[in-house]
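Worksheet: one structure, shown below.
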Amino acid sequence: MDQCMTALEGILGDLAANPAAEGLDRSLSCRITDLHEVVMGRLSSGAVRDLHVLPHGPDVPKADIRLTMSSDDLVALTSGQMSFGPAWASGRVKLEAGLRDLLRLRKLL
């Protein structure tokens, strides 16, 4: 899980620092399917804040922007071994968000 947290901090930090993310204030979650845990946080003011891990279950709050993937795919995304577009198109990575957020995220990803 430590490796996943480091990878998430890197990818989300890059996302938050992108000028297209300016003004976004959204809750984020990334469900790591093989570890049965969810990383929650908040994208705001050009940074990702309050990252914390929760066990996956019905008590996990629904975030505005939700990613779902395996730990191996998360590490592959952040190391450059896999690109987001093909991973999303093949179903290895899932992204759920409102329409406005999806349109904005398209510029970021």
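Within the 4.5 Å cutoff, side-chain heavy atoms of M69 are placed close to those of L77. Taking 4.5 Å as the limit, every side-chain heavy atom of L67 sits out of range of all side-chain heavy atoms of K94. Counting heavy atoms from C-beta outward, H36 and P55 have side chains that stay 4.5 Å or more apart. In this structure, the side chains of L12 and L43 stay at 4.5 Å or more apart for every pair of heavy atoms. Counting heavy atoms from C-beta on, the side chains of C4 and L35 come closer than 4.5 Å.
Taking NE2 of H52 as the start and CD of E37 as the end, the distance is 12.0 Å to the nearest 0.5 Å. To the nearest 0.5 Å, the span separating CG on D2 from CE on M5 amounts to 8.5 Å.
L51 and V75 fall into different hydrophobic clusters, where Ile, Leu, Val, Met, Phe, Trp and Tyr are joined by side-chain heavy atoms under 4.5 Å apart, directly or via other members.
Note on residues 76-92: pairs passing salt bridge (Lys or Arg N to Asp or Glu O under 4.0 Å), not counting sequence neighbours, are D73-R92.
Listed by chain and residue number, D34 satisfy the side chain to side chain donor-acceptor pair (under 3.5 Å) test with S71 (two or more places apart in sequence, or in another chain). Not counting sequence neighbours, the partners of R66 by the side-chain contact (heavy atoms from CB on, under 4.5 Å) test are S29, K62, A63, E96. Under the rule for a side-chain contact (heavy atoms from CB on, under 4.5 Å), the partners of D72 that lie at least two apart in sequence or sit in another chain are S70. Remark: R42 pairs with D25 by the side chain to side chain donor-acceptor pair (under 3.5 Å) rule, at least two apart or across chains. Under the side chain to side chain donor-acceptor pair (under 3.5 Å) criterion, D64 pairs with S27, sequence neighbours left out. A search for side-chain contact (heavy atoms from CB on, under 4.5 Å) contacts involving A7 returns L74, T78, not counting sequence neighbours. Residues satisfying the salt bridge (charged side-chain N to carboxylate O under 4.0 Å, His left out) criterion with R26, sequence neighbours excluded, are D101.
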*Chi angles and distances behind the side chain to side chain contact (heavy atoms under 4.5 Å, CB included) call for I65, L95*: CA-CA 7 Å; I65 300 169; L95 171 64; 4.0 Å; yes
*Trace of the side chain to side chain contact (heavy atoms under 4.5 Å, CB included) decision for L28 with V48*: CA-CA 9 Å; L28 301 167; V48 176; 4.3 Å; yes
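Here the closest heavy-atom approach between residue A76 and residue S79 is recorded as O-OG, 3.3 Å.
Here M40 is tied into one hydrophobic group with V38, L54, V60, each link being a pair of ILVMFWY side chains closer than 4.5 Å.
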